[in-house]
Amino acid sequence: MEPRPPPAKRLRTSSVGGGYRRNYVFAHNMEQQRMDLPIYRARAKLIGQLRHLDTAIIIGETGSGKTTQVPQYLYEASIGGHGVIAITQPRRVAAISLAARVSEEKKTELGTLIGYTVRFEDLTSHKSKIKFLTDGMLLREAMLDPLLRRYSIVILDEAHERTIQTDVLFGIVKSAQRKRKELSKMPLKVIIMSATMDVDLFSQYFNQAPVLYLEGRQHSIQIFYTKETQTDYLHASLVSIFQIHQEAQPSANVLVFLTGQEEIEAMSKTCKQIAKNLPQGSCQMSVFPLYASLPHLQQLRVFQPGKKDCRKVILSTNIAETSVTIPGIKYVVDTGMVKAKHYTPESGLEVLAVQQVSKAQAWQRAGRAGRQHAGICYRLYTEEEFEKFINMTIPEIQRCNLSSVMLQLLALGIPNILTFDFISKPSPDAVQAAIEQLEQLGAVEHKDNQISLTPLGKKMAAFPLEPRFSKTLLVSPEFHCTEEILTIVSLLSVESVLYNPRAQQDEVLSARRKFISSEGDHMTLLNIYRAFKNVQGQKEWCRENFVNSRNMMMVAEVRHQLRDICVKFGVRLESSRSDTSNIRRCLAHSLFLNAAELQLDGTYLTLDCRHQVAIHPSSVLFHFKPSYVLYNELLHTSKCYMRDLCVVDPDWLYEAAPEYFRRKLKGAKT
Ligand code: CDP
Ligand code: MG
């Protein structure tokens, strides 16, 4: 599908009633608000159509009411009978906040009629009839019951995001629907929703499912491009922010799309400094960063009404593109950049890097400007550049390491993952590389030309973790350090527990000093967790030490759940206490595919494919140069950086995967 033309040209703007605005701002009557949503006018027709269709695709502008209303309409019309309505979201923050919103609209307590299930958190009961889940969680449920018998309707929302889990779910849900029909079981209704997507591809994949278009009632949005190519998008956004600030009414808020936490924190600091020095009497500016690992209370500040005569400027990652909705935005500044994962199967490298957005993403961003009033979007690129953007974001399944998904598909009993009915096929090389990785981790084996899970692999699939982390847990008894590994894996499974505001850099450094371990970031995090436990998770302690207390509580909860799974498998829970080498040795046994060695010239090369990498400045090892390190991920900015590092002994790497390393480490040992 060609991406949409600018909303300004296409959308009806004449019917923008003042009523919508009034009701939105003075949110006192939820029922009225529901009736004011664009989707409400289509309610009866929509219910009529959905009642008879097995599969449907619903397209409608963001904010038209798809996510919050469609599940309620289906429930209110008793479509689907006694079964549960599942509605998936690509991100946990969206699943939680939407469940809360719908529950409020229905005047029920969250977790009763309406609940949510996200990784490590389940707020549902046997009474729940509408259930918001992350796509990953529905996939996990499918592992236990491939026919998804509990559900009468599955709504796959934000389908255009094409996360790896959503893509696999398309296949799983489609097959569950077919099998239930063959077995004459309760039919499964499948609804796919999005604001922007390749409808032809989806319709074709889902047996020519009809596409239902909802008429939007968004306001007009003017799009401005730069006249010339911008070489520095950060500088360009700064200039745009202050240009808007000089010209626009104080009530007009600005949303700026940047790529990541560090960039946002730096920009926030600069904006605040400039704003402080503006002439007296001019409009004030308050600047709010917004990214996934920001402490929750600070995230909430973005949504609260601003002070009078003070402009809100929100600097956000693409979390504001689809997952969260910020009221009161009139201006959007789109840098056209996003941080995304890329995977090269030949080299085995999975790298996070900043890249251009797709046209679909750019439209989605622009759409954030016209929710309550007519809006303006400044694109910090030329129209010619925009025309060269790819139409749709490349689905994750075609640009990520597939080992997690392959492990799940094998656990689902998919006989031949190479012929699985993917909506977009991953490359055979990527599938092959994933299988090899799983083989190296001891999760799969080849038997009679068939790939199957080993007993270890079966256990690994039961953990809601990446294969390398479930492997670490399962081998930890050999090193007598399961308690510590549980903590480390939990710390790596939630959003960052460290909060690093740029404006207080010196305070952050001095507070962190006491936890730093010369053995790396994993050990440092372990020290922080231990200290947090020693003070019983005191909020004050967290504030003083720049620790995100909410995320830390989450770590404790995750740890608890992982510990339960370990107990179920009879994993011996021992603590290595002060012996940290055992912990690092254990990590070497599962992260050995992510190892790098120091070269004579002071650079690092990965052992897997001898790619040049460097230690990320945020690592505690930045000023040290250990000979061998393990890393969690690679981030490409000005160079390829390793993040979250652990110092290891090369002998441990040999010991972990002798055959694999015989070749890789040759020469380095001399
Ligand atoms: O899914 P879609 O983008 O079509 O819209 P939605 O998520 O159902 O949201 C419809 C409207 O509900 C939004 O425009 C907001 O006015 C409101 N809403 C809200 O106020 N708070 C939320 N957490 C979610 C929605
Ligand atoms: Mg939605």
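Every number for a ligand or one of its atoms is a count from 1 in the order of the listing.
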Report task. Any atoms of ligand 1 less than 4.0 Å from a non-hydrogen atom of Lys66? List them with their elements. Result -> 1 (O), 2 (P), 3 (O), 4 (O), 5 (O), 8 (O)
Query raised in the report: Among side-chain atoms of Tyr291 and Glu265, is any donor-acceptor pair under 3.5 angstrom?
Result: yes
Report summary line: With sequence neighbours left out, the residues meeting ring-ring contact (aromatic ring centres under 6.0 Å, His included) with Tyr233 are none
Query raised in the report: For ligand 1, is there an N or O atom under 3.5 Å from any N or O atom of Thr67?
Result: yes
Query raised in the report: Do Thr166 and Glu161 have a side chain donor and acceptor closer than 3.5 Å?
Result: no
Requested in this report: Please say whether Glu105 places an N or O atom under 3.5 Å from an N or O atom belonging to ligand 1.
Outcome: no
**Report entry** Distance in Å, Asp167 CG paired with Ile172 CD1, rounded so as to fall on 0.5 Å steps
**Finding:** 11.5 Å
Query - Enumerated ligand 1 atoms positioned under 4.0 Å from heavy atoms of Leu37 - result: 10 (C), 11 (C)
Report summary line: Taken by chain and residue number, the protein N/O/S atoms under 2.8 Å from the Mg ion (ligand 2) read Thr67 OG1
**Report entry** Flag for Gln298-Tyr499: side-chain donor and acceptor within less than 3.5 Å
**Finding:** yes
Query raised in the report: Ser286 and Arg301: side-chain donor and acceptor closer than 3.5 Å?
Result: no
Query raised in the report: Is any N or O atom of Gly65, backbone or side chain, closer than 3.5 Å to an N or O atom of ligand 1?
Result: yes
**Report entry** Pairs flagged by side chain to side chain donor-acceptor pair (under 3.5 Å) wherever residues 76-89 is involved - sequence neighbours left out
**Finding:** Arg34-Glu76, Arg43-Glu76, Glu76-Lys106, Gln89-Asp157
Query raised in the report: For Gln408, which residues count as a side-chain contact (heavy atoms from CB on, under 4.5 Å) partner, sequence neighbours excluded?
Result: Leu139, Arg140, Met143
Report task. Consider only side-chain N and O atoms of Gln33 and Glu105, and report whether a donor and an acceptor are under 3.5 Å apart. Result -> no
Requested in this report: For Glu61, take its heavy atoms, then give the atoms of ligand 1 lying under 4.0 Å from any of them.
Outcome: 4 (O)
**Report entry** Ser64: numbered ligand 1 atoms lying under 4.0 Å from its heavy atoms
**Finding:** 4 (O), 5 (O)
